[in-house]
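Below you'll find the structure, written out as structure tokens, and then a few comments.
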Protein chains: 2
Amino acid sequence: MTLGSIHRPQLADEVTERLREAIVSGQWPLQERIPPEPELMAQLGVSRGTLREGIKALAHAGMLEVRRGDGTYVRAASEIHGAARKAYREHEDQDVLQVRFALDTKAARLAARLANDGDIAAMRTMLAKRREAWAAEDLEQWITADWDFHLKVAESSGNRLLHELYGSFGDVFHGTKMAQRLRNGFDGCLEAGHEALVAAIAAGDEDAAVATVNANLNYCMSWMPQSGE
Amino acid sequence: MTLGSIHRPQLADEVTERLREAIVSGQWPLQERIPPEPELMAQLGVSRGTLREGIKALAHAGMLEVRRGDGTYVRAASEIHGAARKAYREHEDQDVLQVRFALDTKAARLAARLANDGDIAAMRTMLAKRREAWAAEDLEQWITADWDFHLKVAESSGNRLLHELYGSFGDVFHGTKMAQRLRNGFDGCLEAGHEALVAAIAAGDEDAAVATVNANLNYCMSWMPQSGE
DNA sequence: GCCCTGGAGACATCAGACGTCTAATGTTTA
DNA sequence: TAAACATTAGACGTCTGATGTCTCCAGGGC
């Protein structure tokens, strides 16, 4: 048949998608309260029940938190991120980190195989920022630059799923744990290790890239209390 | 204050949890239709709106599929499994498999470090079943035994999150892709490779376990059309 | 300054009604 | 007989409107 079927996409799903977009796009920032239900009903032109079905879907996914008598707040910017938050709540730190490291290793191997000149230039730029921030003792900036670098490696793997997973699992870690470690005397530098990783990727040496990542992670882990691997 | 607050856990969340249990416990089998809304309203003692909020939460998570005019069907046995299904829909097969392989490698390393005698005995039992099924040309049984073996390795890693993720990502693959490949002439044997993995795990040789897994996976991938790694 | 009390705003839940879709069955027609 | 059409029962989709309950916060009493 050729007459593309009418197929009206369920209103509630449409609502879910619109809410989701508002969150993903940053229109509703993290931790902020979203507009009250009556207002959203008007904006979206749907009934309360339909709206609430959309909200509940995102709430179960961990993206929204509904506080009775108060309002609804944004807690995560994507489903997968919400799932990662939940994983952090329900599993040992160590377990989550091991999974992240598994992804990290794979990302490095693929990046060494696939990264192009633009990717590598971007990595070098981020490492430079990281170095400057460290010299300037700007912790926040340093954490950001460090994380951006690792994300770029994941992105350069060419595997979108891997990039997404890595970003979600790592984000919580970087946001909550890194700052603590820095205060505990972690030197945070590993300058050489990061440079070596870029070099291995630029050279297309997969095994060297993986070895470098492992070395970095083991050093990093040595600063974690009671954690193996 | 001492009077432990009444703490009425949001009805809709309670409903979500009850539905979820019915699915996870197997009371509502995969692919089956669940009771119609009016019946569930009566069983749970809630209004339709509340019930639907609970259903929508699980539907968005990929565990349920609601078909207007027909009914609601069970599509996945856990949120993470639902997410994996979605990932399979939205990403390249190759990307998903790479992620799964990253987990596979990590699982093997950890299993070599932590597996106890009971784990190893279980692995050997499963391999024996796998061998018998192959000899008897019972494909279904063979696929089951093969998958059980890999799951056991993941479980032996001692990392519950890893086990869960691995199970979810791999399940879809084993259910849908493996059968196709077998029909295409895949010899599916790899008997030696699997035995070698158990041997490495039993010996506690992490590097050998990882190397064996990589060898197996590469051989396996060679049967996949147009896929790298 | 602290505690208590209300009020306002926001989410929670219910009840009932009607629309629309799907699948199955029955009926007609070539 | 078999294909095409018509009907119907069951199921989900959405709306309306009312009431309950909780959180926050400002204002009054001590």
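Every chain is numbered from 1 and lettered A, B, ... according to where its sequence line falls, protein lines coming before strand lines. Values in this document were obtained by computation on a predicted structure and should not be read as measured data.
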Hey, can you pull the residues of residues 41-58 of chain B with a non-hydrogen atom under 4.0 angstrom from DNA chain C?
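Contacts with DNA chain C under 4.0 Å: B:G45, B:V46, B:S47, B:R48, B:T50.
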Checking [X] now: which residues fulfil salt bridge (Lys or Arg N to Asp or Glu O under 4.0 Å) with it, not counting sequence neighbours?
X: B:D138; value: none
X: A:E79; value: A:R20
X: A:D119; value: A:K152
X: B:E65; value: B:R75

Results of side chain to side chain contact (heavy atoms under 4.5 Å, CB included) for A:V66 - residues two or more places apart only:
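For A:V66 the side chain to side chain contact (heavy atoms under 4.5 Å, CB included) partners, ignoring immediate neighbours, are A:I55, A:A59, A:T72.
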Using the test side chain to side chain contact (heavy atoms under 4.5 Å, CB included), find all partners of A:T50 that sit at least two apart in sequence or belong to another chain.
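For A:T50 the side chain to side chain contact (heavy atoms under 4.5 Å, CB included) partners, ignoring immediate neighbours, are A:L11, A:A12, A:V15, A:V46, A:S47.
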For B:R67, enumerate each residue passing the side chain to side chain donor-acceptor pair (under 3.5 Å) test, keeping only those at least two apart in sequence or located in another chain.
B:D70
Partners meeting side chain to side chain donor-acceptor pair (under 3.5 Å) with B:R48 (sequence neighbours left out):
B:E37
Using atom names, set out every protein N or O paired with an N or O of nucleotides 7-9 of chain C below 3.5 Å, distance rounded to 0.1 Å.
unit_1, atom_1, unit_2, atom_2, d
C:dG9, N2, A:G69, O, 3.0

Sorted by number, the residues of residues 17-32 of chain A with heavy-atom contact under 4.0 Å to DNA chain D
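DNA chain D contact set from residues 17-32 of chain A: none.
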Ring pair (Phe, Tyr, Trp, His ring centres under 6.0 Å) with B:W147: which residues, sequence neighbours excluded?
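For B:W147 the ring pair (Phe, Tyr, Trp, His ring centres under 6.0 Å) partners, ignoring immediate neighbours, are B:Y166, B:H174.
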